Amino acid sequence: MSGWLAIAGLGPGDEALVTPEASAALDAATDVIGYGPYVARVAPRAGLRFHASDNRVELERAAHALSLAAEGRRVVVVSSGDPGVFAMAAAVFEAWEQGPADWRELDIRVLPGITAMLAASARAGAPLGHDFCAINLSDNLKPWALIERRLRLAAEADFAMAFYNPRSKARPEGFARVLEILREACGPERPILFARAVSTPEEVLTFVPLAEARAEMADMRTMVIVGSSRTRLVARDRGPVLYTPRWAE
Ligand code: SAH
């Protein structure tokens, strides 16, 4: 039997947000590969091998997955959210392009998932209802100066902004700097949402004006969304609604 490789997104956490397509690939797989906590979301069964690895070895993990598929195994590489958003799909194609010629015609499919930005946005209302951009705030794979430059230009272009990887123990000061830049560029009244552990039992949504935002409000399980100049934060008893109208002038 010939092998294949699927790169699947498991969504933000809730089982109900895993697509039937990703579930079907996992049901047909012989091997599951990924960062430990994501692999742990896949139910064990007879005949399914697990290969959990550390978060920082993406290219090695990708090459391992490709070599297993080339040996004839049915391999699913798992990411959280969507595998094409700051996750494994691009790493697999990078390893694939650099790899041996016999990998070129492998059956490789990317199975989309619900990315954290969309899950958080849906919980809050519709903050990404007009033009927006997504920025990864981790400087593991790019220089910090590039993050600051993109941030300023996105604010100038009046995009709503969705931030992944806002803050980690290894980079405690970066996100405080991001908040300073945003306050300067967008003003103190602009609404910001901290959406933590969306779709899990630990989910917490916090809406504040930029003036009240503190770096400690975010961690690595938090999605941060900043509105555009049009974004509305409307109070109601069951929690506020954050939305960006469909129009602009
Ligand atoms: N591929 C993933 C993103 C990986 S980067 C996706 O499409 O969602 C990891 C970052 O995603 C985290 O630091 C956090 O900012 C965000 N994230 C992932 N799951 C989340 C969740 N359930 N709630 C809030 N943010 C989440």
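Just follow the structure's listing: the first ligand is 1, and inside any ligand the first atom is 1. Keep in mind that this is a model prediction, so the values were computed, not measured.
- Heavy-atom separations between N165 and ligand 1 include at least one value shorter than 4.0 Å.
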Between L128 and M117, is the side chain to side chain contact (heavy atoms under 4.5 Å, CB included) condition met? List the steps.
CA-CA 9 Å; L128 307 180; M117 162 180 85; 3.3 Å; yes

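- Closest approach of M161 and A155 over heavy atoms only: CE-CA, 3.8 Å.
- With respect to atom 8 (O) of ligand 1, the closest heavy atom belonging to the protein is A116 N, 2.9 Å.
- Of the heavy atoms in A120, none comes closer than 4.0 Å to ligand 1.
- The line from CD of E184 to CG of L151 is 10.0 Å long, rounded to the nearest 0.5 Å.
- Neither side chain, Y35 nor S79, offers a donor N or O lying under 3.5 Å from an acceptor on the other.
- Within ligand 1, the atoms closer than 4.0 Å to a non-hydrogen atom of P166 are 15 (O), numbered from 1 in the order shown.
- Counting heavy-atom neighbours within 6.0 Å of E105 CD, excluding the residue itself, gives a total of 12 or less.
- Here the protein heavy atom with the shortest distance to atom 24 (C) of ligand 1 is R221 O, 3.2 Å.
- Contact annotation: for S79 versus ligand 1, there are no heavy atoms closer than 4.0 Å.
- Nearest to atom 11 (O) of ligand 1 among the protein's heavy atoms is Y164 CD2, 3.4 Å.
- Atom 15 (O) of ligand 1 has its closest protein heavy atom at T222 O, 2.7 Å.
- The shortest distance between side-chain heavy atoms of D31 and V76 does not fall below 4.5 Å.
- Atoms of ligand 1 lying under 4.0 Å from any heavy atom of A87, numbered from 1 in the order shown and given with element: 1 (N).
- In this structure, A195 has a heavy atom closer than 4.0 Å to ligand 1.
- Taking the six-membered ring for Trp and the full ring otherwise, Y164 and F86 have centroids separated by under 6.0 Å.
- Using a 4.0 Å cutoff on heavy atoms, S80 counts as a contact of ligand 1.
- For N136, no heavy-atom contact with ligand 1 is shorter than 4.0 Å.
- Under a 4.0 Å criterion applied to the non-hydrogen atoms of T115, ligand 1 contributes the atoms 6 (C), 7 (O), 8 (O).
- Checking each of V32, L111, I33 against V78 for a side chain to side chain contact (heavy atoms under 4.5 Å, CB included) leaves exactly one that passes, namely V32.
- Looking only at protein heavy atoms, the nearest one to atom 23 (N) of ligand 1 is V198 N, 2.9 Å.
- For the pair R196 (side chain) and T222 (backbone), a donor-acceptor distance under 3.5 Å is absent.
- If you check which protein heavy atom lies closest to atom 13 (O) of ligand 1, you get M220 O, 2.7 Å.
- To the nearest 0.5 Å, the span separating CZ on F163 from CZ on F175 amounts to 7.5 Å.
- Between the side chains of T244 and R230, no donor-acceptor pair of N or O atoms lies under 3.5 Å.
- Nearest to atom 22 (N) of ligand 1 among the protein's heavy atoms is P12 O, 2.9 Å.
- In terms of protein heavy atoms, atom 3 (C) of ligand 1 is closest to V85 O, 3.6 Å.
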